[in-house]
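What follows is one structure encoded as structure tokens, with my remarks underneath.
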Amino acid sequence: MTDHDVRTLADDELRTAQDLFRSTLHVKPITDEEWPQVRAAVQDGPTLGVTDGESGALIGTARSFESAMTLPGGAGVPIGGVTHVGVRADRTRRGVLTELMHAQLTDLAERGMVAAGLHASETSIYGRFGYGVATCARDYTVDRRFARFRSDAPVGGRVEIRTVEAAIELFADAYPRTATRPGMLTRPAGWWAQLRRTLERQDGPVTAITHEGADGVDGYAVYSVDRPQPGPATLRLVDLQCAGPESFAGLWRYLLSVDLVHDITASGRPLDEPLELLLTDPRAVSTIAQFDDLWLRLIDVPTALAMRTYAGESLVLDVTDPVLPGNDGCYRVGPDGAARTEDPAALHLDVDALAMIYLGAWRPSQLVDTGRVRASTPGAARQADRLFATSAPPWCGTFF
């Protein structure tokens, strides 16, 4: 038993919740001038709060919004985007976060969300609530002095510079065509409002561009330029999405043509983004970091397993979920789908490990080799590798 109260916060409590979350990141409170813009960028969805039973003060908060995530095979699974999770510094390690996470998972299940996803500020926290690293990303830099396109690189379409206001609307219309990779999320209206706020806060000037192919806008990018005096300028890519190789090449051909730029930084990009292959000197591109992207939590395991596609022979998984025990049990998974079964299992795993292999970010055999999954039949790990394999590494690419 605790002296805490967990409840859904009212609209007039959202600013207090925002300030609490910002304090956990060591960020100043929101000013009266900033609040209208911040409020406009808050995606629709419940904000949970934990209040102290004695003082009534807010000591913890977590928010979620509804989205959909692309799966292997192209289907979209309902997912709750979890964000603004924080506990007041003088109330940490007292069960507040556990209460929040359990209440939020229950709420998401009741709202029909099949999964939940988040970006973790601290990566040691969320595994115990059933989250696992389901997509990864990389940061890279491009030395523009040595970046020249190969003569056989794709060509097609045209690039246009847009005003930011016009571009946001075009971006929102074009984005669904680009969100085809497993792990990518739909972006609600509040997300685009937040992008607009992010662009307004850039130190350097912001430029938005679109790529238009035969069927209309099929890609876009937005960037700022930091040009110290004296010194070379750096182009910082804020967002880039494309529907195919022509739009990807066209956008980068433009970015590499911008004058007075020494280097380009691209953050949170797909692991297999093939910019190096377009250039005569692949060493012009340097990966500077690789890291966890989306942490995934399967809330409704039978539905989640049934919604994606598989290759190879079927296999029985024994899943354990310490937080949502209704997910416990054995599932036969294969090209014909997934369903509960009484057959003996070949692989035994917790729900966080299942999230790690669900989109194809990790091979099941890697988790077996490192002790996170137990195989009870010979060859089961390699069989599972084929079953859960995807044609490209999953990627989220949407920060929230």
Side-chain angles (χ1 to χ4, degrees), residues 67-77 79 81 115 117-120 123 132-142 147 149-150 153-154 171 174-187 191 195 209-211 218-223 235-256 263-279 282-296 308-309 355-363 366 388-400:
S67 182
M69 180 179 69
T70 304
L71 298 181
V77 63
I79 184 172
L118 56 82
H119 297 284
T123 55
V133 178
T135 75
C136 294
R138 67 167 175 152
D139 291 349
Y140 59 82
T141 62
V142 186
F149 263 67
R150 292 172 51 89
F171 291 0
Y175 176 76
R177 295 181 60 188
T178 72
T180 57
R181 186 188 290 257
M184 295 186 75
L185 304 182
T186 57
R187 293 176 170 179
W191 190 92
L195 174 62
I209 59 174
T210 57
H211 182 277
D218 57 7
Y220 67 83
V222 60
Y223 63 88
L235 187 155
R236 304 188 188 281
L237 192 61
V238 177
D239 192 21
L240 183 150
Q241 303 291 339
C242 55
E246 289 81 12
S247 57
F248 179 74
L251 291 167
W252 270 105
R253 190 176 276 109
Y254 166 87
L255 293 171
L256 293 172
D263 56 16
I264 298 173
T265 62
S267 301
R269 304 305 302 168
L271 297 183
D272 64 337
E273 189 158 76
L275 180 58
E276 294 94 331
L277 301 181
L278 295 176
L279 305 180
R283 289 186 182 177
V285 181
S286 300
T287 297
I288 57 177
Q290 181 174 321
F291 46 88
D292 56 284
D293 181 23
L294 182 73
W295 286 66
L296 183 66
R308 63 151 289 178
T309 59
M356 295 175 69
I357 67 174
Y358 181 66
L359 298 177
W362 307 89
R363 297 192 309 275
Q366 291 176 299
F388 283 89
T390 57
S391 59
W395 178 62
C396 178
T398 295
F399 191 81
F400 53 89

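Note: hydrogens, waters and symmetry copies are ignored here, and every other heavy atom, side chains too, is used. Every value quoted in this text rests on a predicted model; they were computed, and no experiment measured them.
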Within a strict 4.5 Å, meaning less than it, do heavy atoms of the Trp252 and Leu237 side chains meet? yes

Under 3.5 Å, is there a donor-acceptor pair between the side chain of Thr390 and the main chain of Pro72? no

Looking at side-chain heavy atoms only, is the closest gap between Leu278 and Arg150 below 4.5 Å? no

Say whether, by atom type as modelled, one donor and one acceptor occur between the side chain of Glu273 and the main chain of Pro270 under 3.5 angstrom. no

For a 4.5 angstrom cut-off between non-hydrogen side-chain atoms, does Tyr223 reach Leu240? no

Please find the pair of heavy atoms, one from Ala249 and one from Phe149, that lie closest to each other, and give the distance. O-CZ, 3.6 Å

Between His119 and Asp293 (side chain of the first, backbone of the second, donor and acceptor by atom type, cut-off under 3.5 Å), is there such a pair? yes

Looking at Phe399, is its backbone amide N or carbonyl O close enough to the side chain of Trp191 to form a donor-acceptor pair, meaning the two atoms are under 3.5 Å apart? yes

Ignoring hydrogens, what is the shortest heavy-atom contact between Ser247 and Ala243? Give both atom names and the distance. OG-N, 3.3 Å

Please check: side-chain N/O of Trp295 versus main-chain N/O of Thr123, any donor-acceptor pairing under 3.5 Å? no

Check whether any side-chain heavy atom of Leu296 lies under 4.5 Å from a side-chain heavy atom of Met69, and answer yes or no. yes

Does any non-hydrogen side-chain atom of Gln241 lie less than 4.5 Å from one of Met184? yes

Residue pair Asp239 / Phe171, side-chain heavy-atom distance below 4.5 Å: no

Please check: side-chain N/O of Thr135 versus main-chain N/O of Leu294, any donor-acceptor pairing under 3.5 Å? yes

Where do Arg138 and Val285 come nearest, in terms of heavy atoms and distance? NH1-CG1, 4.5 Å

Work out which heavy atom in Pro394 is nearest to a heavy atom in Leu359; give both atom names and the distance. CG-O, 3.6 Å

More than 12 heavy atoms of other groups within 6.0 Å of Trp395 CH2: yes

Give the intermediate values and the outcome of side-chain contact (heavy atoms from CB on, under 4.5 Å) for residues Val142 and Leu235. CA-CA 10 Å; Val142 186; Leu235 187 155; over 6 Å; no

Looking at every heavy atom in both Thr70 and Ala179, which two are closest together, and how far apart are they? OG1-O, 2.9 Å

Please check: side-chain N/O of Asp139 versus main-chain N/O of Gly268, any donor-acceptor pairing under 3.5 Å? yes

Taking the side chain from Thr186 and the backbone from Ala68, do they hold a donor-acceptor pair closer than 3.5 Å? yes

Tyr175 side chain reached by Tyr220 side chain, heavy atoms, under 4.5 Å: yes

Check whether Thr141 reaches the backbone of Thr265 with its side chain - one donor and one acceptor, N or O, closer than 3.5 Å. no

Strictly distance-based, threshold 3.5 Å: is any side-chain N or O of Arg308 a donor or acceptor partner for the main-chain N or O of Tyr358? yes

